[in-house]
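Taking it in order: structure first as structure tokens, then the write-up.
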Amino acid sequence: MSVFKPVACDCPACGSAIRIDACDSVNGVRRPDLRRDILEDRFQRTRCSACRSEFRIDPAFTYLDVERGQWMLVRPAGDLPQWQRFEAQARAIHAEAFGADADAAARAIGARLTVRVTFGWPALREKLLCAAHGIDDVVLELLKLALLRQLGDLPLSDTVELRLVDAGAQLLRLAWLQAADGARVEQLEVPREMLAGLADEGADWQALRAELAAAPYVDWQRFVVEPA
Ligand SMILES: [Zn+2]
């Protein structure tokens, strides 16, 4: 099921009171249209009825895709400093729905799902791209760490982050994005074979890989964002 509930908010442009159907949960298999909207950066965009300006509400929902083995707690970009708290929440919600106390059918589904927590629209879209293109999201984060070590002058800041934005057979396109709205600052292309190389790297990379894979917040920023 995918669930929406009416929410009151103020238009960021003119301040008019608006009611929006905010998403509470998305089932990417039963609602492929919603999954496509996320991939096309359209989901939860709306237009103010008073001033006609367009805006997008922050994501705050759970995402389930049984076919692709994905379960995610999706949070607004602004919640990132509380990533430890939301990791715990993701584990708790997932355990309640698919864990030891759930029925046998739910437990069987749960065993096939990865548990993730993401912050902001670009991070969610990135996880969908990984699943769509057969990319291990843990290895993708290793790739970002490798790029960060190689590249000199980086446009990183508290609000700019590095995300996968497109994947082909040969090349991956990554971009520096504003975490909140996905506006692109700069982009780069890297050969996809770098992923395979990193998967076979030495002991220090394997330690990083194990740490990334051990918890729901599979994102290199967990190593640099001090938990609030
Ligand atoms: Zn308005």
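The shown structure was predicted, so the numbers you read here are calculated from the model rather than taken from an experiment. Each ligand, and each atom within it, is numbered from 1 in the order the structure gives.
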### Message
A side-chain contact here means heavy atoms from C-beta on lying under 4.5 Å apart; do C51 and S16 qualify?
### Response
no
### Neighbour count >12 (heavy atoms, 6.0 Å) for atom CD, E54
yes
### Query
Can you count the protein N, O or S atoms that lie less than 2.8 Å from the Zn ion (ligand 1)?
4
### Message
Does atom CD (E193) have a neighbourhood of more than 12 heavy atoms from anything else shown, all under 6.0 Å?
### Response
no
### Query
Is there a salt bridge (Lys or Arg N to Asp or Glu O under 4.0 Å) between E161 and R163 once you walk through the steps?
CA-CA 6 Å; E161 53 181 28; R163 294 287 167 204; 2.8 Å; yes
### Residue pairs fulfilling salt bridge (charged side-chain N to carboxylate O under 4.0 Å, His left out) with at least one residue in residues 133-147, sequence neighbours excluded
R116-D137, E126-K144, K127-D137, D136-R209, E141-K144
#### Entry: Ring-face cation contact, W121 with R56, 6.0 Å cut, 45° max
yes
